[in-house]
Amino acid sequence: NAGVTQTPKFQVLKTGQSMTLQCAQDMNHNSMYWYRQDPGMGLRLIYYSASEGTTDKGEVPNGYNVSRLNKREFSLRLESAAPSQTSVYFCASRAYTGTGLGYTFGSGTRLTVV
Amino acid sequence: DQQVKQNSPSLSVQEGRISILNCDYTNSMFDYFLWYKKYPAEGPTFLISISSIKDKNEDGRFTVFLNKSAKHLSLHIVPSQPGDSAVYFCAATFNFGNEKLTFGTGTRLTIIP
């Protein structure tokens, strides 16, 4: 099915470990995003990429790095995981359409840092 | 600083009745507002949106009202159905096309059969 695919769906890390969250979309969208969802905080933008080859910081970028590998793929890397990074991470992509601004979200990665 | 606020963490409504979800914002630059619906273990999905040039937008059972002077919007669902049970997020942005979408904290809606 067309859409946004995130891997893995679940991950447990020890403090200080590193990992990369993968995201791929097959809708030929230009823009891609990483959000985190925490209880009582809604979804907060970590990083985004308006087009292939560009990335920009969002609201909560500290502790993360991103790579826009190509038009389809946008990865999020935690270099040294901390318990404060325990969250559900959502990748999204966007087409510049009128309805709903064209955002499509993946199903999320639930990350626990112990 | 929470620029988009949903002050009711949860809401329970009888099936067939009207569900009203509320959202307040503080940034007067916001000019486009959206509602997303989220089921457990899934990503948010777009539900309905409204531009600041309008005060109402309808789509089937869903209607969004915008009161710019009060910086308040609401989502009405009539009639409510069991499948509407989900978490609803309000979101806002400005300069249509701006990459940054600001989300509220969400309201969990439970429809009681």
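Here is how names work: the chains are called A, B, and so on, in the same order as the sequence lines, proteins then strands, and each is numbered from 1.
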**Spatial distance of atom CD1 (B/Ile111) from atom CD (B/Gln81) [nearest 0.5 Å]** = 9.0 Å

**Asked** Do A/Arg77 and A/Ser18 have side-chain N/O donor and acceptor atoms under 3.5 Å apart?
**Response** yes

**Message:** Counting the benzene-type ring for Trp, do B/Tyr36 and B/Phe103 have ring centres under 6.0 Å apart?
**Reply:** yes

**Asked** In residues 9-18 of chain B, which residues are in contact with chain A at a heavy-atom separation under 4.5 Å?
**Response** none

**Request:** With rounding to the nearest 0.5 Å, note down the distance linking CG in A/Leu78 to CD in A/Gln85.
**Result:** 4.0 Å

**Message:** Show, in sequence, the C-alpha distance, side-chain angles and deciding distance for B/Ser80 and B/Ser19, and conclude whether the side-chain hydrogen bond (donor to acceptor under 3.5 Å, both in side chains) test is met.
**Reply:** CA-CA 6 Å; B/Ser80 299; B/Ser19 295; 2.6 Å; yes

**Request:** Tell me whether the centres of the aromatic rings in B/Phe62 and B/His76 are closer together than 6.0 Å.
**Result:** no

**Request:** Under 4.5 Å heavy-atom distance to chain B, tell me which part of A/Leu45 shows up: side chain, backbone, both or neither.
**Result:** side chain

**Residue pair B/Asp24 / B/His72, side-chain donor-acceptor N/O under 3.5 Å** = yes

**Prompt:** Do you know which two heavy atoms are closest between B/Leu109 and B/Asp84, and how far apart they sit?
**Reply:** CD2-O, 3.8 Å

**Complete:** For B/Tyr25, the ring pair (Phe, Tyr, Trp, His ring centres under 6.0 Å) test, sequence neighbours excluded, returns B/Phe33

Which pairs of donor and acceptor atoms, one on a side chain in residues 55-64 of chain A, lie under 3.5 Å apart (sequence neighbours left out)?
| unit_1 | atom_1 | unit_2 | atom_2 | d |
| --- | --- | --- | --- | --- |
| A/Tyr64 | OH | A/Arg36 | NH1 | 2.8 |
| A/Tyr64 | OH | A/Tyr89 | OH | 2.7 |

**Request:** Considering only heavy atoms, give the residues of residues 104-114 of chain A separated from chain B by less than 4.5 Å, sorted numerically, with 'none' for an empty result.
**Result:** A/Phe105, A/Gly106, A/Ser107

